[in-house]
Amino acid sequence: MPFRHRYTGLIERYRDRLPIADDTRIISLGEGNTPLIRLNNLPTVLDCDVDLYVKFEGLNPTGSFKDRGMTMAVTDAVNKGSRALICASTGNTSASAAAYAARAGIAAFVLIPDGKIAQGKLAQARIHGATVIQIKGNFDAGMRLVREVGEVAPVSIVNSINPYRLQGQKTAAFEIIEELGSAPDYHCLPVGNAGNITAHWIGYCECAGVGDATLTEACAFCGGQCRFAQALVQKRPRMLGYQATGSAPFLRGEPVSEPDTVATAIRIGDPQSWAAAQAARQESDGWFAEVSDDEILAAQRTLAETEGIFCEPASAASVAGAMRDVRNGRIALGSRVVCTLTGHGLKDPDVAIAQAERPVLDVPPEKEAVRRAILDNLPS
Ligand code: F0G
């Protein structure tokens, strides 16, 4: 018997809202359909009345939101006859490109900043068989090279300057609206190259503008005809983009030449989607703000310790920003807030281990020693 409800990826799911022809061969690893988790404990920690959710994009096939865009970009590249992909990356794009290239049976070339990507991401690019090209330079230098090489070598660029990437990534907004019944009041994202905040805004705007399917789902009583349903669907969130203090070109108002942060995924000084991200902020009446590395790491730890959710440092920037802006009242009390957790914590074990507060206990392999260790460490 066929599996009638087998989920087969976001292109199949949202085909009618994506630029995909009917006869296209789809390259998918079952990406999308990630959980929107309501935080039960963090609002108590904050002592604030806020309806807080995280969209855990770390549960995509390669552990980051990049897979949403990559299924689209690689599907397009393969159908145009491309035999090789190229990208510059702080790690996640390279992991995703490598995996989808392997799935498609084509080659991947990934440019990474020497020594500045998390081990898990490097492991992914390598095990999937990508050619890893390491440069003595940061992501921005790699991005410039990729643009130049794309003109003179037989490769498809799969960075988010490829419009298919944003088309895939916009589907995260569709999923959120479907689950909540309307857009949240605020949507918080970490911002690096600024593709993802742009893609989310595209998704929300599409739902607000057309969205017949969503209308029907929004109001169970009238099938989307009443004014209540219209208002629900036309609602769009205020887009909040958070950057790490050492890599915050949107806060400086210009590119940053030597970006630096513990959140290596967003160690980017010259975002490619600058204008589009500014438009998203402006049109949505949102804001950009910066969070320090200490705030990022504290948020990562709090989420892990109080909610059981392990995201990578860059992802925690959205929660760090939301926590601060809830506390200082910039995010209105009683609001519904969604934070995107862009990547899984397992990507970057070194940072997690370095900041773990509880020591690993060395004990002899004896019952009494283990009993002692338990009694000494039970919560009071
Ligand atoms: N969070 C994570 C975990 C990322 O890997 C990235 C970007 C971002 C946030 C920022 O998203 O660039 O759309 O604003 N990583 C890219 C990469 C640059 O190469 O993996 P953005």
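A quick note: this is a predicted structure, and the numbers were derived from the prediction, not measured. Both ligands and their constituent atoms are indexed starting at 1 by order of listing.
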A.B. asks: Consider salt bridge (Lys or Arg N to Asp or Glu O under 4.0 Å). Of R238, K235, R236, which one does D185 pass it with?
C.D. replies: K235
A.B. asks: Looking at W287, I'd like to know if the NZ or CZ of R281 sits under 6.0 Å from its six-membered ring centre while staying within 45 degrees of the ring's axis.
C.D. replies: no
A.B. asks: Any atoms of ligand 1 less than 4.0 Å from a non-hydrogen atom of T90? List them with their elements.
C.D. replies: 15 (N), 16 (C), 17 (C), 18 (C), 19 (O), 20 (O)
A.B. asks: Do L341 and I309 pass the side-chain contact (heavy atoms from CB on, under 4.5 Å) test, and can you show the C-alpha distance, the side-chain angles, and the key distance before you say yes or no?
C.D. replies: CA-CA 10 Å; L341 298 181; I309 300 168; 3.6 Å; yes
A.B. asks: For the CZ atom of F174 and the OH atom of Y14, what is their distance to the nearest 0.5 Å?
C.D. replies: 7.5 Å
A.B. asks: For the pair S82 (side chain) and A84 (backbone), establish whether a donor and an acceptor sit closer than 3.5 Å, ignoring hydrogens and angles.
C.D. replies: yes
A.B. asks: List ligand 1 atoms under 4.0 Å from S89, heavy atoms only on the residue side.
C.D. replies: 17 (C), 19 (O), 20 (O)
A.B. asks: Give a yes or no on whether the backbone of G343 and the side-chain of S64 come within a donor-acceptor separation of less than 3.5 Å.
C.D. replies: no
A.B. asks: Within a distance under 4.0 Å of any heavy atom of I266, pick out the atoms of ligand 1 and give their elements.
C.D. replies: 8 (C), 9 (C), 10 (C)
A.B. asks: In ligand 1, which numbered atoms sit nearer than 4.0 Å to a non-hydrogen atom of T342?
C.D. replies: 1 (N), 2 (C), 3 (C), 9 (C)
A.B. asks: Would you call K66 and E57 a side-chain contact if the rule is heavy atoms closer than 4.5 Å?
C.D. replies: no
A.B. asks: Does the N or O separation between N193 and ligand 1 drop below 3.5 Å for any pair?
C.D. replies: yes
A.B. asks: So how far is it from D49 CG to T44 OG1, rounded to the nearest 0.5 Å?
C.D. replies: 10.5 Å
A.B. asks: Could you list which atoms of ligand 1 come closer than 4.0 Å to a heavy atom of T93?
C.D. replies: 16 (C), 17 (C), 19 (O), 20 (O)
A.B. asks: Could you check whether any side-chain heavy atom of I266 comes within less than 4.5 Å of a side-chain heavy atom of S247, counting everything from C-beta outward?
C.D. replies: no
A.B. asks: Are any of the N or O atoms of Q169 closer than 3.5 Å to those of ligand 1?
C.D. replies: no
A.B. asks: Please check: side-chain N/O of E31 versus main-chain N/O of L29, any donor-acceptor pairing under 3.5 Å?
C.D. replies: yes
A.B. asks: If you have a sec, work out which protein heavy atom is nearest atom 4 (C) of ligand 1 and how many Å separate them, to one decimal?
C.D. replies: A265 CB, 3.6 Å
A.B. asks: For I268, counting its heavy atoms only, list the atoms of ligand 1 lying under 4.0 Å from any of them.
C.D. replies: 18 (C)
A.B. asks: Below 4.0 Å from any atom of ligand 1, is there a heavy atom belonging to A194?
C.D. replies: yes
A.B. asks: What atoms in ligand 1 come closer than 4.0 Å to a heavy atom of G195?
C.D. replies: 13 (O), 14 (O), 21 (P)
A.B. asks: Do K66 and ligand 1 have an N or O pair less than 3.5 Å apart?
C.D. replies: yes
A.B. asks: Under 4.0 Å from a heavy atom of V191: which atoms of ligand 1 are those, numbered in the order shown and with their elements?
C.D. replies: 14 (O)
A.B. asks: Students should be able to answer this: which protein heavy-atom is nearest to atom 13 (O) of ligand 1, and at what distance?
C.D. replies: N196 N, 2.8 Å
A.B. asks: Backbone or side chain, does any N or O of N92 fall under 3.5 Å from an N or O of ligand 1?
C.D. replies: yes
A.B. asks: Short N/O distance, under 3.5 Å, between F65 and ligand 1?
C.D. replies: no
